[in-house]
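Please read the structure below before turning to the comments.
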Amino acid sequence: MARARVPFRRPTPRRAAHRTLAAPRPFVRALGLVVVVLFGAWLGLLAVGSVRTTVGPMDTTMTLRPSLSGGTKINVSPLGALELDSHHAPVRLDVDVDRLDPVRSQALVQHPERLAGLEDEVTSDVASGTRELALRSCVAVVTGATALGLAVYRRPGRALAAGGLALALLAASGVGAYATWNPKSVLEPKFSGLLSSAPSVVGDARSIVSDFDVYQQELARLVTNVTKLYDATSTLPVYRPDPATLRVLHVSDVHLNPAAWHIIGSLVKQYDIDVIIDSGDTMDHGTAVENSFLDPIADLGAPYIWVRGNHDSAVTQKYLSDKKRFPDVHVLDQGRAVTVGGLRVAGVGDPQFTPDRTGPEQAEDVESVAGRTLAAALREEQRSGTPVDIAVAHEPEAAKETDGEVPLALAGHVHHRQNEVLKGGTRLMVEGSTGGGGLRAVQNKEPEQVLASVLYLDRSTRRLQAWDEITLGGLGLTTAEVSRHLPAQKPPPASPSPTDPTPSP
């Protein structure tokens with residue numbers, strides 16, 4: 001019996017195309033599952049993958065983050081951050097220092113013997129926080145991946161597979177971090193922000209380890225100073241600036257110190273400054289070679305009002321007057337007045353140019369003449385119906401000539417603060433050196449402080465409501481203090497720097 005022959009059927013182009021498209025389906029499915037797992041795990045870590053824990057005198061938040069390079073990042077707001085090359089794995093440990101507890105800090109300061117056990121306490125706190133973080137992270141990634149898998153696939157089996165794969169990936173990352181753990185990374189941290197100056201201020205970690213006794217003393221001093229900062233800021237709400245309050249940053253005597261621009265820029269952002277007023281001596285010799293030092297002013301983020309000091313030349317003034325280069329800079333001289341940020345400000349440049357004179361200054365009558373020129377301009381503004389709110393001069397003697405003509409007068413020059421209400425009712429505020437005396441700081445036995453002030457003025461009346469005095473340690477110091485004052489209070493006494501420097505000639 002002959003078998004029937006089944007004719008060969010060539011696959012149609014449609015079927016062939018269908019087979020070609022269906023071939024990579026397992027790969028696409030696996031890739032999709034990986035994307036769901038990674039995205040779900042990331043969402044889980046964002047939602048619940050952080051732990052609040054106490055580390056010594058600090059309250060911190062520890063979080064795991066996906067990362068290609070791994071490592072540890074410690075954020076100390078608002079000072080900056082430091083990064084440690086602690087491990088190589090697809091996860092990074094972020095530690096945010098939320099708050100320094102003044103009570104625990106004061107206990108360390110008052111009982112320095114406790115510093116001996118601080119290392120063990122911190123180690124124990126970090127280990128406890130890490131264990132809790134690991135457990136919470138496991139729950140977070142499994143929950144996130146499973147929930148997203150269920151939402152995407154709508155099948156419990158695949159959702160559980162996504163959760164299991166997420167847990168496996170986290171476990172593998174943990175094993176990788178443990179295998180590549182580098183305990184010596186604490187000796188080579190990378191600093192950013194204001195902390196970038198930390199190695200030059202307190203020395204690198206190797207010297208800290210080798211000289212731990214000295215470091216204990218410095219740590220106690222540092223904790224004391226930071227505690228002062230927190231104590232000061234905790235008293236600030238005695239006066240709460242209204243959101244509409246005008247904020248003026250008064251700086252002076254930068255003296256060619258580039259660090260001053262970073263400090264000023266930071267204060268502009270932190271205090272939401274409306275206007276910066278510089279009462280002069282921004283330069284040292286006023287030469288054209290120094291002009292490029294002024295370029296960062298264009299990027300400070302606020303209008304800049306400037307008067308010439310005795311270290312600033314006509315060349316300096318002409319450079320700053322270039323509106324193409326500095327559209328937000330207003331140079332005041334000979335009583336010229338401008339309205340900036342709602343404030344009417346008039347100023348006069350210093351009539352003397354004495355960058356190379358080392359003896360005591362003479363010719364105070366020249367300063368008085370400049371002050372009387374400014375006072376005459378103030379009276380003219382008053383008659384014109386545009387009264388001036390703030391008068392600015394470099395030399396305090398010149399500023400005193402405006403007494404009775406303006407509510408507030410600002411000056412610099414003497415490198416320490418002075419604050420007084422003159423006989424005619426004008427408050428004279430003299431700022432210290434925002435540049436810490438510049439290069440002159442190295443000539444003194446002790447470094448000069450870095451000083452600046454934030455003035456709060458009522459937007460409708462433009463009258464002074466309060467002011468913050470910001471004092472930073474100078475070259476080689478790590479102090480930081482903020483104090484708030486109200487006009488109703490007795491003006492604070494002059495605050496000379498440790499060496500009570502004489503004004504720069």
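As the structure is a computational prediction, the values presented were derived from the model and not from experiment. Every heavy atom of this structure was used, including side-chain atoms; hydrogens, water molecules and symmetry mates were not.
- No close placement of the His311 and His394 rings is indicated, their centers lying 6.0 Å or farther apart.
- Atom OG of residue Ser252 and atom NE2 of residue His413 lie 9.5 Å apart, to the nearest 0.5 angstrom.
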> Passes side-chain contact (heavy atoms from CB on, under 4.5 Å), Phe293 versus Asp284? Steps please.
Replying inline: CA-CA 11 Å; Phe293 170 76; Asp284 251 352; over 6 Å; no

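- Proximity of a side-chain donor or acceptor of Thr434 to a complementary backbone N or O of Leu451 within less than 3.5 Å is detected.
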>> Val268 vs Leu249, test: side-chain contact (heavy atoms from CB on, under 4.5 Å). Steps then yes/no.
In response: CA-CA 8 Å; Val268 167; Leu249 177 62; 4.3 Å; yes

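- For the residue pair Val388 and Ala346, the shortest heavy atom distance occurs at CG1-N, 3.7 Å.
- Here the closest heavy-atom approach between residue Val254 and residue Ala260 is recorded as CG1-CB, 3.7 Å.
- A donor and an acceptor atom, one from each side chain of Asp365 and Ser368, are nowhere located under 3.5 Å apart.
- When atom types are taken as modelled, the side chain of Arg344 and the backbone of Glu381 share no donor-acceptor pair closer than 3.5 angstrom.
- Side-chain atoms of Gln352 never come within 3.5 Å of backbone atoms of Thr354 as a donor-acceptor pair (strictly under, hydrogens ignored).
- Here the closest heavy-atom approach between residue Gly347 and residue Val307 is recorded as CA-CG1, 4.1 Å.
- At least one side-chain heavy atom of Glu367 sits less than 4.5 Å from a side-chain heavy atom of Asp350.
- Counting non-hydrogen atoms of neighbouring residues, nucleotides and ligands closer than 6.0 angstrom, the CZ atom of Arg52 reaches no more than 12 such neighbours.
- Side-chain contact between Val450 and Ile263: present, with at least one pair of heavy atoms (C-beta onward) separated by less than 4.5 Å.
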Solution key, residues 403-412 side-chain donor-acceptor pairs under 3.5 Å, sequence neighbours excluded:
{"residue": "Asp403", "atom": "OD1", "partner": "Gly424", "partner atom": "N", "Å": "3.0"}
{"residue": "Asp403", "atom": "OD1", "partner": "Gly425", "partner atom": "N", "Å": "3.4"}
{"residue": "Asp403", "atom": "OD1", "partner": "Thr426", "partner atom": "N", "Å": "3.2"}
{"residue": "Asp403", "atom": "OD2", "partner": "Lys423", "partner atom": "N", "Å": "3.3"}
{"residue": "Asp403", "atom": "OD2", "partner": "Gly424", "partner atom": "N", "Å": "2.6"}
{"residue": "Glu405", "atom": "OE2", "partner": "Arg379", "partner atom": "NH1", "Å": "3.2"}

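- By the 4.5 Å heavy-atom criterion applied to side chains, Arg462 and Leu343 are counted as neighbours.
- Using a 4.5 Å cut-off on side-chain heavy atoms (C-beta onward), Val414 and Pro396 make contact.
- No side-chain donor-acceptor contact under 3.5 Å links His250 to the backbone of Val248.
- For the atom pair CG (Leu320) and CZ (Phe326), the distance works out to 5.5 Å, reported to the nearest 0.5 Å.
- No donor-acceptor distance shorter than 3.5 angstrom exists from the side chain of Arg372 to the backbone of Ala370, with no hydrogens or angles considered.
- Checked by atom type and distance alone, the side chain of Thr386 never pairs as donor or acceptor with a backbone atom of Gln382 at under 3.5 Å.
- For the residue pair Tyr456 and Asp468, the shortest heavy atom distance occurs at OH-OD2, 2.7 Å.
- Between the side chain of Glu290 and the main chain of Thr287, a donor-acceptor pair closer than 3.5 Å is present.
- Every residue was checked against the salt bridge (Lys or Arg N to Asp or Glu O under 4.0 Å) condition with Asp272, not counting sequence neighbours, and none meets it.
- A donor-acceptor pair under 3.5 Å is formed between the side chain of Asp281 and the backbone N or O of Asn310.
- The CD1 atom of Ile305 sits 5.0 Å away from the CD1 atom of Ile277 when rounded to the nearest 0.5 Å.
- When side chains are defined from C-beta on, Thr402 counts as touching Leu378, because their heavy atoms get closer than 4.5 Å.
- Between the side chain of Thr60 and the main chain of Thr53, a donor-acceptor pair closer than 3.5 Å is present.
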> Under the side-chain hydrogen bond (donor to acceptor under 3.5 Å, both in side chains) criterion, do Thr461 and Asp458 qualify, and how do the steps go?
Replying inline: CA-CA 6 Å; Thr461 64; Asp458 184 273; 3.3 Å; yes

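- The shortest non-hydrogen separation linking Leu246 to Gly341 is CD2-O, 3.1 Å.
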> Stepwise, does the side-chain contact (heavy atoms from CB on, under 4.5 Å) test hold for Val345 with Asp389?
Replying inline: CA-CA 6 Å; Val345 184; Asp389 305 308; 5.9 Å; no

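- Counting heavy atoms from C-beta outward, Leu457 and Gln465 have side chains that stay 4.5 Å or more apart.
- No donor-acceptor contact under 3.5 angstrom links the side chains of Ser433 and His255, judged on distance only.
- Without hydrogens or angle criteria, Asp274 side chain to Arg247 main chain gives a donor-acceptor distance under 3.5 Å.
- The two residues Pro296 and Trp261 come nearest to each other via the heavy atoms CG-CD1, 3.7 Å.
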> Does the side-chain contact (heavy atoms from CB on, under 4.5 Å) test come out yes or no for Val91 and Arg65, once each step is laid out?
Replying inline: CA-CA 5 Å; Val91 289; Arg65 292 279 183 257; over 6 Å; no

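- Of the inter-residue distances, the one linking Arg325 atom CZ with Asn291 atom CG reads 8.0 Å to the nearest 0.5 angstrom.
- Between Leu464 atom CG and Ile390 atom CD1 the span is 8.5 Å, to the nearest 0.5 Å.
- Atom-to-atom distance recorded for His88:NE2 and Ser67:OG is 11.0 Å, nearest 0.5 angstrom.
- You'll find the side chain of Trp306 stays beyond 4.5 Å of the side chain of Ser279, heavy atoms only.
- Screening residues 298-314 for salt bridge (charged side-chain N to carboxylate O under 4.0 Å, His left out), with sequence neighbours left out, gives Arg308-Asp333.
- Under a 4.0 Å N-O distance rule, the pair Arg417/Glu431 qualifies as a salt bridge.
- Side chains of Met62 and Asp94 form no contact here, defined as non-hydrogen atoms less than 4.5 Å apart.
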> Under the side-chain hydrogen bond (donor to acceptor under 3.5 Å, both in side chains) criterion, do Tyr304 and Asp278 qualify, and how do the steps go?
Replying inline: CA-CA 7 Å; Tyr304 199 92; Asp278 185 341; 2.5 Å; yes

